[in-house]
Undergrad: 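I am attaching a structure below and will ask some questions about it afterwards.
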Amino acid sequence: MNRSTTTLAQAAPSPKKSSYFKSRWNAPLAGYLFISPWLIGFLVLTAYPLFLSLYYSFTDYTLMQPMQWIGSRNYERIFTADPKFIQSAKVTVMYVLASVPLKLIAALLVAMVLSKAVKGIGFYRTAIYFPSLIGGSIGVSLLWRNIFGVDGIFNKLIAIFGIEGKSWITNPDTALGTLILLTVWQFGSTMVIFLAGLKQIPNDLYEASSVDGANKIVQFFRITLPMLSPILYFNLIMAVINAFQMFTSAFVITNGGPMNATYVYAMYLYERAFSRYELGYASALAWIMLVAIVAATLLISYTSKYWVFYETDTGGKKRK
């Protein structure tokens, strides 16, 4: 065998290696085939409408007239000549800043109570979680409007203590508070996630700290919160995203009133899109909301390195 034949024999891939690379090449095709239902749905129902709305945001699209490209004029009008945008954004920020912390605190406190092994605890967990199953539905919103009306149950309860009630949903000073209270009341899903995290904290940590003289308050801030910080991080992001998009409660209970006290951003977007049919302008409003949600999420993610702790973290060292 001459030298050239030997070189060709060495250069030619073995059948084993050839089949290996062939299988590696074909494997992604099979994977894409399996995920094709989700992938097609994502591209058609999410990605395409998303980028189409981005295109609409740079047009004057009203369904009544031919679409016209106007560039960034919609965004300039929103930030410079639209007082309702400022009002709705202000109400939404107030709602987020108030409802998210209260909901997380309520969910965590209830989860700590329900983590105890007592008789009938399963029933209590189900009963407390039940409001989250029905969500922010129209029926719940109508019920909430009746509860805080002039002749509602809430006024009848406080009348027992000699307090004169009022229509809480028609008072500009208290209308937004009723919506916040409704959001806090629906903490079941968040509570279940906290409860699962509490179950994963080793009881040895509490026993060791008790031996060292730590009381319940010290244990909560030194053990419970640090161990729950990844779950708190997840719940915080989800609560912020949901709060920014709140619509049903404000639309059904107060319809944005009184005096625009509950005129949240999603309601303004809805009015522009489906009452005035200004779809181009509404698309610009929707993208502003998306950017705001992404910015809030990135801010939380950036600050998480200072307060979120994982098992891989070393004591006393901040993650970079």
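Computed over heavy atoms, backbone and side chain alike; hydrogens, waters and symmetry mates excluded.
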Undergrad: Just by distance, do the side chain of Ser229 and the backbone of Phe309 share a donor-acceptor pair under 3.5 Å?
TA: yes
Undergrad: Let's go through Ser301 and Tyr233 carefully: what are the C-alpha distance in whole Å and the side-chain angles of both, what is the deciding distance for side-chain hydrogen bond (donor to acceptor under 3.5 Å, both in side chains) to 0.1 Å, and is it a yes or a no?
TA: CA-CA 8 Å; Ser301 299; Tyr233 170 59; 2.9 Å; yes
Undergrad: Under 3.5 Å, which donor-acceptor pairs link side chains of residues 142-166 to any protein atom two or more places apart or in another chain?
TA:
unit_1 : atom_1 : unit_2 : atom_2 : d
Trp144 : NE1    : Thr178 : O      : 3.0
Arg145 : NH1    : Val252 : O      : 3.2
Asn146 : ND2    : Leu142 : O      : 3.3
Asn155 : OD1    : Lys166 : N      : 3.4
Asn155 : OD1    : Trp168 : NE1    : 2.8
Asn155 : ND2    : Gly149 : O      : 2.9
Asn155 : ND2    : Val150 : O      : 3.0
Asn155 : ND2    : Lys166 : O      : 2.8

Undergrad: Hydrophobic clustering (ILVMFWY, side-chain heavy atoms < 4.5 Å, transitive) - are Met227 and Phe234 grouped together?
TA: yes
Undergrad: May I ask you to check whether over 12 heavy atoms, not counting those of Lys199, lie within 6.0 Å of atom NZ?
TA: yes
Undergrad: Stepwise, does the side-chain contact (heavy atoms from CB on, under 4.5 Å) test hold for Leu182 with Val140?
TA: CA-CA 9 Å; Leu182 174 58; Val140 173; 3.9 Å; yes
Undergrad: Listed by chain and number, what are the side-chain contact (heavy atoms from CB on, under 4.5 Å) partners of Arg276, not counting sequence neighbours?
TA: Lys84, Glu271, Arg272, Glu278
Undergrad: Evaluate the side-chain contact (heavy atoms from CB on, under 4.5 Å) criterion for residues Leu179 and Met246: first the C-alpha distance (whole Å), next the side-chain angles of each, then the deciding distance (0.1 Å), finally the verdict.
TA: CA-CA 10 Å; Leu179 301 185; Met246 193 274 286; 4.1 Å; yes
Undergrad: What residues, two or more places apart in sequence or in another chain, satisfy side-chain hydrogen bond (donor to acceptor under 3.5 Å, both in side chains) together with Tyr206?
TA: Thr224
Undergrad: Show every donor-acceptor pair shorter than 3.5 Å between a side-chain atom in residues 94-103 and any protein atom, with sequence neighbours excluded, or say none if there are none.
TA:
unit_1 : atom_1 : unit_2 : atom_2 : d
Tyr95  : OH     : Thr183 : OG1    : 2.3
Ser99  : OG     : Tyr95  : O      : 2.7

Undergrad: Which heavy atom in Ser141 sits nearest to a heavy atom in Ser249, and how many Å separate them?
TA: OG-CA, 3.7 Å
Undergrad: Measure the spacing between OG of Ser283 and OH of Tyr55 and express it to the nearest 0.5 Å.
TA: 11.5 Å
Undergrad: When rounded to the nearest 0.5 angstrom, what distance separates CE in Met267 from OG1 in Thr92?
TA: 10.5 Å
Undergrad: Sequence neighbours excluded, which residues qualify as side-chain contact (heavy atoms from CB on, under 4.5 Å) partners of Met112?
TA: Leu108, Leu198, Phe220
Undergrad: Do the side chain of Asp212 and the main chain of Ala214 share a donor and acceptor less than 3.5 angstrom apart?
TA: no
Undergrad: Classify the angle between the aromatic ring planes of Tyr270 and Phe247 as parallel (below 30°), tilted (30 to 60°) or perpendicular (above 60°).
TA: tilted
Undergrad: If you compare all heavy atoms of Thr262 against all heavy atoms of Gly256, which two are closest, and at what distance to 0.1 Å?
TA: OG1-C, 3.1 Å
Undergrad: If you take all heavy atoms of Ala261 and Pro172, which pair is closest and at what distance?
TA: CB-O, 3.7 Å
Undergrad: Go through the steps for Leu104 and Leu232 under the test side-chain contact (heavy atoms from CB on, under 4.5 Å), then give the verdict.
TA: CA-CA 8 Å; Leu104 293 177; Leu232 178 61; 4.2 Å; yes
Undergrad: Between Asn74 (side chain) and Thr59 (backbone), is there a donor-acceptor pair under 3.5 Å?
TA: yes
Undergrad: Applying a strict under-4.5 Å side-chain criterion to I, L, V, M, F, W and Y, I'd like to know whether Ile193 and Tyr310 cluster together.
TA: yes
Undergrad: To the nearest 0.5 Å, what is the distance between CG on Asn242 and OG1 on Thr190?
TA: 8.0 Å
Undergrad: Mind listing the side-chain donor-acceptor pairs of residues 285-297 below 3.5 Å, one per line with the distance, residues two or more places apart or on another chain?
TA:
unit_1 : atom_1 : unit_2 : atom_2 : d
Trp287 : NE1    : Ser53  : OG     : 2.9
Thr297 : OG1    : Ile293 : O      : 2.8

Undergrad: So, taking the atom named CG in Leu181 and the one named CG in Leu176, what distance separates them when rounded to the nearest 0.5 Å?
TA: 11.5 Å
Undergrad: Check the pair Tyr268, Asp82 against side-chain contact (heavy atoms from CB on, under 4.5 Å), reporting the backbone distance first and the verdict last.
TA: CA-CA 11 Å; Tyr268 182 45; Asp82 192 347; 2.3 Å; yes
Undergrad: Check Ala266 against Gln245 and note the closest heavy-atom contact, atom names and distance.
TA: CB-O, 4.2 Å
Undergrad: Of the non-hydrogen atoms in Pro37 and Leu33, which two are nearest, and what is the gap between them?
TA: CD-O, 4.1 Å
Undergrad: Between the main-chain N or O of Ser209 and the side-chain N or O of Gln219, is there a donor-acceptor pair closer than 3.5 Å?
TA: no
Undergrad: For a quick test of reading the model, state the closest non-hydrogen atom pair linking Gly197 to Leu228 and the distance between them.
TA: C-CD2, 3.6 Å
Undergrad: Using modelled atom types and a 3.5 Å cut-off, is there a donor and acceptor pairing between side-chain atoms of Thr303 and backbone atoms of Ile300?
TA: yes
Undergrad: Look up atom CG in Asp204 and atom CD in Glu207, then write down how far apart they are to the nearest 0.5 Å.
TA: 5.5 Å
Undergrad: For the aromatic rings, using the six-membered ring if either is Trp, is the centroid distance between Phe79 and Phe85 under 6.0 Å?
TA: yes
Undergrad: Ignoring hydrogens and angles, tell me if any N or O in the side chain of Asn171 forms a donor-acceptor pair with the backbone of Asp173 under 3.5 Å.
TA: yes
Undergrad: Measure the CG-CD1 distance between Leu195 and Ile231 for me, rounded to the nearest 0.5 Å.
TA: 10.0 Å
Undergrad: Among Tyr56, Trp69, Tyr277, Tyr281, whose ring-ring contact (aromatic ring centres under 6.0 Å, His included) with Tyr61 holds?
TA: Tyr56
